[in-house]
Amino acid sequence: MIIEGKERIWKDYQKDIAEDNYYYARSCIRQNFFPGSEATFLRILISELGKDVYDDPNHTTCTGIAYHSDIVPLETTMTVVARHFALMTSAGYKNFVPSCITSFGLYTEIIETWYEFPETLEKTRENLYKATRREFEIPDNLAHTSDIIFKYRNEIEKKAKYKLVNKKTGEPLKIVEHIGCHYSKMFPHKGIGGAEYPYVLAGMVDSWGGSVIDYPERRHCCGFGFRQYAVKANRGYSISCSKKKFDSMAPYKPDMIITNCPGCPYFFDRWQYALSEMEGITYGENGNGIPAFTYEEVAGLVLGYDPWDLGLQLHQVACEPVLDKMGIDYIPENKYKGLNNIDLGKPEKATHLKFY
Amino acid sequence: MKNFGYTIQNDRQIDYDKNDTKLYDFVAESEKSIRTCIFCGTCSATCTASKFTDLSLRRIILYLKRGLNESLKKEIESCMLCGKCNLACPRGVNTRNVILNIKRGIEHYEL
Amino acid sequence: MNFDYFVLPFCIGALILFTILSTRYAMWIVKLPRIDKRKAWLGILKFKFIGSIWEVFRESLLHRKIFKINAMLGWMHMSFAFGWFLLIVIGAMESKFHKSRVFNMPYDPIFLRYFEHNTHGFFFAEGFTFIMDLILLILLTATILAISKRVYSNLFGLKRTTKLILGDKIALYSLWTIFPLRFLAESFTSGLYNNGGFLTGTFGNIFASFLPLQMLEYPFWWAYSSALCLFFIFLPFSRYMHIPTEIFLIYLRNCGIRTSKNHTGYTEFEIYSCSRCGICIDKCQLTDVMQNKTQGVYFIQQIRRNILSSETAYNCLLCGRCTTYCPVGIDINKVRLLKRHDFAPENGFNFNYLDEKVTVAPFEYDVIYFAGCMTHLTPTIKNSMVKILNKSGDRYIFLDKEGSICCGKPLLFAGNEKQARELKYENKKLINKTGAKTLVTSCPICYNIFKNEYNLTIEVLHHSQYIKRLIENKKITLSKSQLNVVYHDPCELSRTNNVYDEPREILNAIANLQTTNHEKDNALCCGGSLGNFVISETERNKITNNMVAKLSEHKPDVIVTACPLCKKTMNKQSDVPINDISELVSNAILQEKNY
Amino acid sequence: MAKKNVIVIGGGIAGMESASYLSAMGFNVTLLEKSNELGGHLLNWERLFPTMRYGKQVIDFLAKGIDFEQINKVLNVEIKSIEKKNTQFCVELSNGKTFFGDSILITTGYDLFDAHRKEEYGYGIYNNVITSADLEKIFMSGNPITTTDGKTPKRIGIVHCVGSRDEKVGHVYCSKVCCVTGVKQAIEIKEKMPETEVFNFYMDMRMYGMHFEALYKKAQEKYGIQFIRGRLSEAAENIDGTIVLKVEDTLAGRPLKMNVDILVLLVGFVPSKGSKEVGKLMGLNIGINGFYKTKDQHTLTNVSNIDGVFFAGSCTGPKTITNTITDARAAASSVASYLLGFDLHKRDIENHEEFWLYDSK
């Protein structure tokens with residue numbers, strides 16, 4: 001591996017990211033899969049970095065799932081997206097920050113379409129006006145939330161309590177970075193580092209002391225794909241994709257996977273459980289599995305947030321071995337205690353995958 | 001083992017490194033001309049047996065080169081060795097000897 | 001009793017030879033299949049050996065076939081074989097007369113001159129002595145010819161011959177010395193006792209004038225005996241094994257035994273009858289295009305030494321030229337085919353699909369037309385035949401119009417007897433279903449197997465035969481053109497099935513048929529043969545090129561053949577147009593038919 | 001009548017041969033070259049397809065013409081400006097000198113495609129990914145071919161059409177020489193390392209030249225080189241430094257994965273930087289593919305849009321050595337005809353624009 005070669009490419013794929021004043025668009029599924037992540041993003045930006053972020057309750061789905069499942073036509077999607085921009089405009093913001101990769105991809109696609117085919121923009125304006133009497137401006141700056149964390153990765157590093165380092169050996173943790181397909185595969189120039197060697201997550205890992213693993217199936221999809229997981233019988237495609245990636249990364253003995261997509265961490269996490277139950281295979285050391293985190297979770301860990309506040313108990317692959325490696329202080333008993341110390345109840349024990 | 005209502009798909013990918021090319025090597029050793037096949041398909045198109053079955057010598061040679069021995073075993077059974085392919089081949093591949101040697105190789109390695 | 005210690009080597013040699021030969025022959029006879037054994041015994045009862053004796057005399061002594069190939073070579077063989085035979089027969093008579101005893105020691109006639117000096121008088125001096133000297137002279141010239149053959153093999157029409165192995169060399173060199181030694185020994189004795197015939201007596205006197213014959217006589221009789229001993233001992237391990245074996249082969253063949261599909265005792269007789277003369281090397285068209293030692297003689301040699309490789313077994317065009325020219329009449333093609341069984345893949349064939357997929361509607365037909373796989377690659381032949389068949393007025397069915405089941409011959413070529421049987425079964429079923437009385441095929445390969453191995457109850461014709469019959473029955477009328485044509489005999493039609501005349505008669509009727517040097521038995525293979533699995537395309541092309549050049553020598557307008565494979569093969573290489581006989585006939589059909 | 005002057009820009013093989021011919025025809029020729037040696041790309045190429053002749057022999061042959069004609073070579077110069085006054089061209093060079101010519105012959109050639117641009121192939125990122133030009137350098141050096149950690153490669157993959165026939169990098173044309181170069185280099189690898197397996201990944205095998213097909217067949221039959229029809233979609237590095245290739249085996253209709261120790265990228269032709277600069281200085285027409293646009297595709301192949309300016313060699317499109325030398329001689333005769341006052345290059349032919357070829361409608 002010639003790192004200078006990658007740096008050359010990273011130089012070619014830079015993007016402008018707004019400094020402050022973000023209009024925040026939540027992700028439908030992230031709120032359900034790993035709700036701690038979005039909360040952590042807001043906490044980091046507002047409390048740690050003192051940025052102005054507007055979390056708008058009127059915001060709806062971007063229709064991405066339906067659009068990619070061929071249920072909603074593009075025109076409808078454009079109008080919904082236009083409504084989001086209208087909400088942003090009326091709230092007085094110009095920098096749009098979606099939390100979901102698919103939303104990010106969709107916003108990018110639609111804005112590009114409007115540029116390429118101005119008549120569709122006019123049509124959308126008309127549709128939106130007819131439907132809601134709203135008007136909108138295209139955002140000055142569109143960035144994914146991981147772009148924002150990337151932008152402030154060094155500030156986070158300055159405030160860090162922990163590093164992505166094995167505390168006992170001093171070795172950097174080996175980390176697999178996985179970007180969502182819709183982040184830059186459609187528009188390489190809209191992603192930091194492009195599509196082939198994306199840097200958005202690798203940059204965070206670099207800054208926070210970890211070392212990034214480049215393994216052969218790095219580019220492969222996690223298998224999430226809306227149509228695959230939505231239909232039960234099709235989930236075989238999805239799990240096979242994830243398995244291919246696990247098999248490919250296994251020789252590198254990764255300590256964790258960091259992702260920036262709603263689906264990827266979820267499926268990397270759940271499929272490890274499913275694979276262990278279906279075929280008895282586990283990845284990672286001692287049957288622990290390889291924890292798959294969102295970048296907010298990793299940032300939160302680095303900043304010393306309580307893992308249970310980050311929502312790490314929602315992962316099926318146990319996070320404790322990694323926390324121990326990093327030397328993070330946590331109270332194991334609190335794992336399944338909710339707010340106000342209510343006992344949430346322990347999940348059923350997996351057959352093969354280790355459980356703490 | 002639990003059943004979640006879906007199965008893990010076998011990869012359709014040919015993993016060349018895992019494939020066993022010993023049968024191809026066996027055949028190429030005694031009939032070098034097989035190496036010059038360019039997969040044009042002339043042989044398959046003229047084949048007497050292909051009228052009735054899925055037999056395609058082009059595909060058989062391809063499978064052989066890729067070490068997909070299991071796939072070709074069945075297919076080659078219907079060849080009647082009539083030799084039309086030998087006459088049609090633009091590269092002068094000695095197709096009948098190729099076929100004989102594939103069969104010999106299958107016996108030799110007990111595939 | 002005449003005895004001296006020098007007779008011992010001869011006696012020991014002869015005994016060893018006898019023992020080895022009788023053991024071997026006994027084993028081979030045991031190895032004959034039961035039906036062949038029966039034929040061999042019945043042969044004795046039916047006096048088959050009388051015909052055999054005549055053939056042995058003709059071939060083993062006079063070497064008629066070798067004479068046909070080259071007179072010098074024939075002369076050499078004949079003088080050796082027939083001369084030696086006479087020497088033995090007349091020698092034995094001489095010794096009998098001399099002693100007037102019914103039983104002599106077997107060495108007696110051989111060394112008679114040493115023991116009996118009283119050979120004066122008309123009967124012996126002018127009679128036996130003269131004859132024996134004459135025979136010896138013939139044998140000496142034969143020896144000289146044999147030695148010069150080693151040096152000037154071209155004189156004997158042999159371009160290439162086999163290399164000698166150790167056993168061959170010892171046997172050969174001892175053979176070369178036998179008659180000169182006898183001559184010297186007899187001359188020395190004659191010189192000493194002043195007797196002997198025109199040869200030994202004369203040379204005896206000359207030698208006596210300057211040589212100490214007293215000292216030389218005895219050692220030379222020893223040397224003579226030793227040379228015979230050496231020859232006898234090494235004979236079974238050399239090419240000269242063919243001399244005694246051929247006699248048995250001729251007998252067995254006359255009893256109706258033929259090369260079967262398995263390696264039997266008869267095969268053993270065949271392969272040991274090979275003299276490794278190398279005639280098959282020159283006749284083989286592969287010789288010009290490759291270095292591989294695959295010709296009949298090498299093939300048989302490999303079987304004898306048990307080192308036969310699949311490459312040798314399969315590297316043969318199966319044209320049959322070697323079989324035609326083999327002086328001992330070994331059916332090399334059939335031996336080659338039976339040997340292929342050992343190398344043919346047993347498994348991996350499945351023709352079940354034929355049963356379900358190939359059907360024919362039963363109907364009363366006169367004629368079945370079976371084009372054959374190769375004919376489908378030469379559609380003009382197919383179309384011509386359809387035109388001819390339509391003209392013929394016969395009710396015919398084009399059996400393999402929509403694709404065919406292979407006749408099975410190509411599988412037989414591969415050594416896959418069992419699998420070929422399945423195809424035969426399927427085809428036979430179809431043929432029988434049609435209810436036709438005649439099967440016409442365009443492909444000589446199909447013709448061969450339909451005719452000889454299908455055991456069909458109906459008549460099988462090659463299209464040339466069928467056309468001939470149509471002409472005779474005036475079902476078609478043909479016009480004669482001014483085309484100069486030569487005819488190329490396809491191997492499977494001509495040498496294998498003796499269909500020589502029908503195509504020629506047709507061609508004489510519709511064109512000017514010219515003769516070539518390569519006709520009938522001497523016809524060349526086109527090189528496209530399905531029999532050879534080994535040669536490369538380049539080598540095939542060379543064979544074709546060579547033979548096309550020979551056929552085009554007299555610049556014919558068209559080279560005509562009667563085989564789709566020959567046509568397709570020659571077409572690739574020839575400047576002269578190649579036509580199947582059916583195409584010519586189809587063009588010659590007169591449009592108006594007189595009723 | 002005074003001898004007329006011709007300035008040949010570019011000292012590659014086209015420049016060399018046309019300079020020799022023009023000089024032999026009685027013109028004063030000045031040959032300008034930016035590097036310190038004549039021969040261009042051929043200087044870096046060891047052997048040539050299809051006969052495996054040494055490239056140096058061709059350069060030596062061309063140099064004999066240059067030496068015999070005592071051509072005025074000006075090395076190590078770049079062009080600062082070119083102006084046309086009436087029928088005279090004034091060429092100002094980076095070394096301060098100025099040359100005047102009655103005609104200009106442009107032989108600025110091509111550049112090799114920058115393989116870094118096919119990011120997914122990992123050139124410059126993965127250690128064992130090299131280009132065909134790098135491989136020639138190894139051949140020239142006489143060093144053994146090894147992986148970066150010094151091991152003898154067990155398997156080498158050669159990828160065809162890198163930077164050619166690829167809209168993703170903006171080069172839709174075929175570079176013409178890569179297919180047969182791939183076959184040639186595979187044979188050379190096998191000759192040096194008979195135990196190494198060599199695989200060529202191709203979209204089409206374009207063996208159009210005389211003997212090319214024979215070379216291809218020889219590569220298969222004698223050297224056992226395997227050809228897999230499928231374009232490389234991505235390469236990645238394994239933990240042991242080998243390269244894993246993902247292609248579709250299009251004949252089997254299935255994706256195929258293969259590990260190779262070294263990956264060779266057959267880089268194509270792109271318009272040279274020099275051509276672009278000279279084109280800009282003079283206002284020469286550039287074709288859709290970025291090479292100089294000749295006045296006509298079939299007939300006026302050496303003629304530019306400026307009277308008195310001619311082209312030769314691969315500055316008008318990818319060419320083999322044979323094509324280039326032939327083209328150089330043709331260009332020399334075009335220049336000569338122009339300078340002698342003939343109007344052959346002004347013959348009319350109906351205009352057939354190339355644009356419609358690239359119009360998707």
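Values below: every heavy atom of this structure, side chains too, minus hydrogens, waters and symmetry copies. In what follows, chains carry the letters A, B, and so on, assigned in the order in which the sequence lines appear, proteins first and then strands, with residues in each chain numbered from 1. Note that the structure is predicted; figures quoted are calculated from it, not measured.
- Under the 4.5 Å side-chain criterion, counting only non-hydrogen atoms from C-beta, B:T36 is not in contact with D:Y216.
- Taking a 6.0 Å sphere around CG of B:D20, one finds it holds more than 12 heavy atoms contributed by other residues, nucleotides or ligands.
- Shown here is D:K192, whose NZ atom has more than 12 heavy atoms of other residues, nucleotides or ligands within 6.0 Å.
- For the residue pair B:R91/D:Q220, the side-chain donor-acceptor check at 3.5 Å is satisfied.
- Within the 4.5 angstrom heavy-atom criterion, no atom of D:I225 approaches chain B.
- Proximity to chain B at a heavy-atom threshold of 4.5 Å picks out D:R155 from residues 139-159 of chain D, in numerical order.
- Summarising the local packing, CE of D:M210 is surrounded by 12 or fewer heavy atoms from other residues, nucleotides or ligands at distances under 6.0 Å.
- In B:K18, the NZ atom is not crowded: 12 or fewer heavy atoms of neighbouring residues, nucleotides or ligands sit closer than 6.0 Å.
- Nearest approach of B:Y16 to D:Q226, heavy atoms of both residues: OH-NE2, 3.7 Å.
- Looking at B:R59, neither its backbone nor its side chain comes within 4.5 Å of chain D, counting heavy atoms on both sides.
- Applying the 6.0 Å contact sphere to NZ of D:K137 captures no more than 12 heavy atoms from other residues, nucleotides or ligands.
- Closest approach of B:R66 to D:F227, counting heavy atoms only: NH2-O, 4.2 Å.
- Surrounding CD of D:Q297 are at most 12 heavy atoms belonging to other residues, nucleotides or ligands under 6.0 Å away.
- Of the two parts of B:L68, only the side chain, counted from C-beta on, holds a non-hydrogen atom closer than 4.5 Å to a non-hydrogen atom of chain D.
- Contacts with chain B (heavy atom to heavy atom, under 4.5 Å) involve these residues of residues 239-266 of chain D, listed by number: D:K246, D:D249, D:L251, D:A252, D:G253, D:R254, D:P255, D:L256, D:K257, D:M258, D:N259.
- Environment of CD in B:Q13: crowded, with over 12 heavy atoms of neighbouring residues, nucleotides or ligands closer than 6.0 Å.
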